[in-house]
J.: 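First the structure, then my questions, so here it is.
So you know, we letter chains A, B, ... as the sequences are listed, proteins then strands, and number each from 1.
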There are 2 protein chains.
Amino acid sequence: MAKGARGLSIGQIAAAAGINLETVRYYERIGLMPPPARTEGGHRAYDPAHVRRLAFIRQARALGFGIEDIRTLLALAAPGHRSCGEVRDVAAAHLAEVRAKLARLARLERILSDTVERCSGAPTPACPVLDMLDAPM
Amino acid sequence: MAKGARGLSIGQIAAAAGINLETVRYYERIGLMPPPARTEGGHRAYDPAHVRRLAFIRQARALGFGIEDIRTLLALAAPGHRSCGEVRDVAAAHLAEVRAKLARLARLERILSDTVERCSGAPTPACPVLDMLDAPM
DNA sequence: CTGCATCCCGTAGCCACTACGGGATCAAGC
DNA sequence: GCTTGATCCCGTAGTGGCTACGGGATGCAG
């Protein structure tokens with residue numbers, strides 16, 4: 001064996017991908033990361049393909065994709081299977097969810113902001129926040 | 001006993017407040033709702049004060065307040081303890097969190113929307129979505 | 001070869017519910 | 001009074017996506 005047979009430790013790929021070490025083990029448990037080779041002593045030994053996959057997962061998580069979506073995306077990203085249409089469908093569905101959450105949060109922001117502002121403003125006798133919570137939407 | 005000693009069933013207050021029945025029992029388990037009186041057979045018998053409290057909780061949840069915040073708000077809303085300043089602090093802190101989430105979601109929306117749009121547009125050879133997931137932020 | 005960093009694994013906790021299941025109780029109709 | 005069907009009882013487990021903990025085994029530098 002000349003050299004390259006060693007592989008990266010879990011701590012190393014975790015650091016490389018900017019992911020918590022325990023999260024990497026979690027991804028393996030749920031089948032999102034394939035089980036890597038092991039050293040004689042039982043420690044995980046990863047290769048660069050694992051790092052790329054982990055970076056892909058991190059990126060997808062950062063964009064808010066759920067684990068199941070990522071599972072699908074990883075399958076669709078496999079070489080020879082690059083069906084951009086299906087990928088777009090997954091991304092578009094996720095985008096729709098993001099937009100729904102965005103709209104809901106914007107509504108909340110408006111209500112809370114209005115109410116809190118009224119709180120610091122005019123010297124009303126009652127508490128605007130509590131009033132809002134007592135009144136039905 | 002003339003009449004009013006009966007009380008509402010859990011199903012009735014749940015429906016009245018628009019909350020899942022099992023959620024009401026959950027709120028009682030975690031101490032957010034006080035334990036109501038019981039019938040001889042052990043069924044919960046609520047009074048109107050419970051309904052008001054539950055409506056308050058529902059409103060606060062709809063505005064995105066967490067359970068611990070609601071616990072605080074309920075204490076601050078107790079008669080004789082109406083300190084609007086503290087209430088405003090809780091609401092303002094929550095508003096800040098909402099704004100942070102909003103900003104993050106807006107970023108995601110922009111990225112996803114740009115990428116998905118590029119997908120349906122020009123006849124590029126590769127998949128823009130997968131490209132984005134492969135590339136670091 | 002010693003010492004310390006790292007890694008092993010399983011389990012439990014987080015939040016705010018939701019679901020399930022087998023039995024008890026309630027209210028209304030006859 | 002009795003039957004029937006709706007409702008309610010309680011405890012437990014599952015959801016998503018991790019994160020934390022603990023006690024022991026390994027890896028590697030000096």
J.: Could you grab the distance from atom CG of Leu102(B) to atom CZ of Arg104(B), nearest 0.5 Å is fine?
T.: 12.0 Å
J.: Using a strict cut-off of less than 4.0 Å between a Lys/Arg side-chain nitrogen and an Asp/Glu carboxylate oxygen, indicate whether Arg71(B) and Glu68(B) qualify as a salt bridge.
T.: yes
J.: Taking CD1 from Ile10(B) and C1' from dT25(C), how many angstroms apart are they, rounded to a whole number?
T.: 14 Å
J.: May I have the distance from Gln12(B) (atom CD) to dA6(D) (atom C1'), rounded to whole angstrom?
T.: 12 Å
J.: If I take atom CD in residue Glu97(A) and atom C1' in nucleotide dG16(D), what distance separates them, rounded to the nearest angstrom?
T.: 13 Å
J.: Verify, without hydrogens or angle tests, whether Arg61(B) (side chain) and Phe65(B) (backbone) share a donor-acceptor contact under 3.5 angstrom.
T.: yes
J.: Polar pairs (N or O, both sides) under 3.5 Å between protein and nucleotides 27-30 of chain D?
T.:
{"residue": "dG27(D)", "atom": "OP1", "partner": "Thr39(A)", "partner atom": "OG1", "Å": "2.8"}
{"residue": "dG27(D)", "atom": "OP1", "partner": "Gly41(A)", "partner atom": "N", "Å": "3.2"}

J.: Base, backbone or nothing for each nucleotide of nucleotides 10-20 of chain C, written B, S, -, heavy atoms under 4.0 angstrom, 5' to 3'?
T.: B-----BBBBB
J.: Just by modelled atom types, is the Leu32(B) backbone N or O under 3.5 Å from a matching donor or acceptor in the Arg53(B) side chain?
T.: yes
J.: Take the protein atom CZ of Arg58(A) and the nucleotide atom P of dC18(D), then report the distance between them rounded to whole Å.
T.: 12 Å
J.: Please state how far atom CD in Glu28(A) lies from atom P in dG17(D), giving the value in whole angstrom units.
T.: 19 Å
J.: Below 4.0 angstrom from OP1 or OP2 of dC7(C), is there any side-chain N or O of Arg44(A)?
T.: no
J.: Check for a donor-acceptor pair, side chain of Gln12(B) on one end and backbone N or O of Ser9(B) on the other, with a separation under 3.5 Å.
T.: yes
J.: Are the side chain of His94(A) and the backbone of Leu63(A) linked by a donor-acceptor contact shorter than 3.5 Å?
T.: yes
J.: What is the separation between atom CD1 on Ile57(A) and atom P on dC18(D), rounded to the nearest whole Å?
T.: 10 Å
J.: To the nearest Å, give me how far apart CG (Asp69(A)) and P (dG17(D)) are.
T.: 9 Å
J.: Between Val116(A) and Ala91(B), which heavy-atom pair has the shortest distance, and what is it?
T.: CG2-CB, 3.7 Å
J.: With rounding to the nearest 0.5 angstrom, report the OG1 to CE distance, Thr115(A) to Met132(A).
T.: 4.0 Å
J.: Would one find more than 12 heavy atoms of other residues, nucleotides or ligands at under 6.0 Å from atom CZ of Arg58(A)?
T.: no
J.: May I ask you to say what Leu21(B) touches in the nucleic acid, namely base, sugar-phosphate or nothing, with a heavy-atom cut-off under 4.0 Å?
T.: sugar-phosphate
